[in-house]
Amino acid sequence: DAAGIDAGGTLVKIAYVKDGVRRLRKFRSDRLAEAADWLRKELPDAPLCLTGGKGAKLAALIGRETDMMPEFEATCAGIRLLLPPALGGSAFLLANVGTGTSVHVIDGERNLRIGGTGLGGGTIVGLARLLTGLDKYEAIVAAAAKGDRGTADLKVRHIYEGLEPPIDGDLTASNFGRVLPGAVIGSGEDGSISREDALASVIGMVGEAVATLCVHAAAAHGVKTVVYIGSSFNGNAPLRQAVESYTRFRGGEPHFVENGEFSGALGALLRL
Ligand code: ADP
């Protein structure tokens with residue numbers, strides 16, 4: 001038995017082997033004690049390797065000797081286990097859209113963290129709470145899926161009003177740029193903006209910003225393929241859609257990896 005554990009800003013991801021079977025599991029990072037209790041009970045004697053910002057804190061709660069490894073190393077090692085063979089061969093960009101976003105270039109054995117942005121899944125949850133009062137992740141993404149970005153977002157063609165724009169009129173000119181003076185979140189009637197529409201625009205904004213950063217970074221490093229991972233895509237079809245279409249639109253080749261958010265945990269497990 002053994003376990004690799006990636007304790008991130010929002011979620012603890014665990015990849016473990018028990019009785020010869022590999023399994024995956026998640027806990028909330030604001031309830032580290034639950035993860036520690038589970039590990040002590042389920043894997044009492046197994047070697048553990050931890051990574052992620054909250055790894056040291058979780059290790060202290062577990063209360064036995066554990067290994068540690070740097071999170072970027074763990075993520076870049078673990079992603080190899082999850083990639084379809086067709087992607088394994090050549091260099092690609094890896095964008096880990098977690099609470100925040102971290103971007104890497106992976107070329108064979110070499111990997112380099114080239115940047116990131118504070119825009120990520122945490123931004124979606126935080127702005128959603130402030131704008132709508134919805135607190136739960138599932139409720140936020142369910143509401144957003146019903147929304148229409150056309151209410152709040154200004155497209156290039158809106159500015160040109162029927163004239164021929166110098167760039168694609170469907171590009172977003174300004175996220176939230178259509179919101180008029182005095183607008184509030186409400187029923188969607190009488191100039192108010194529904195929470196569904198506002199949330200659709202929040203997710204669109206994060207998705208487009210992340211995709212734009214990635215496409216530019218990919219171009220600067222001479223690669224086209226962008227592999228997106230992170231729990232931010234779980235159950236969040238609007239984010240996936242915004243990132244996918246914007247990446248393609250700007251000349252990149254997007255790929256979403258199932259269970260990609262477990263890359264760090266798998267990389268830590270590999271270390272044992
Ligand atoms: P981290 O390693 O920073 O914790 P993750 O890759 O686990 O990052 O992604 C965290 C993000 O995933 C959250 O900000 C949120 O947008 C999204 N998410 C997906 N499922 C949940 C959930 N059950 N609870 C909270 N956030 C979730």
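First listed ligand is number 1; within each ligand, the first listed atom is number 1. The model shown is predicted, which means the values in this text are computed figures rather than measured ones.
Looking only at atom types and distance, the side chain of Ser102 has no donor-acceptor partner in the side chain of Asn96 under 3.5 Å away. For the 3.5 Å distance criterion, the side chains of Thr99 and Thr10 qualify, holding a donor opposite an acceptor.
Salt bridge absent: Asp197 and Arg149 never bring a charged side-chain N and a carboxylate O closer than 4.0 Å. Lys18 has a carboxylate O that lies under 4.0 Å from a charged side-chain N of Glu42, or vice versa, which qualifies the two as a salt bridge.
Near ligand 1, Gly8, Gly9, Thr10, Leu11, Lys13, Gly98, Thr99, Gly121, Gly122, Val125, Tyr137, Glu138, Gly230, Ser231, Ser232 each place a heavy atom less than 4.0 angstrom from the ligand.
Residues forming a salt bridge (Lys or Arg N to Asp or Glu O under 4.0 Å) with Asp67 (at least two apart in sequence, or on another chain): none.
Aromatic ring pairs are classed by plane angle as parallel below 30°, tilted from 30° to 60° and perpendicular above 60°; the pair Tyr228 and Phe256 is parallel.
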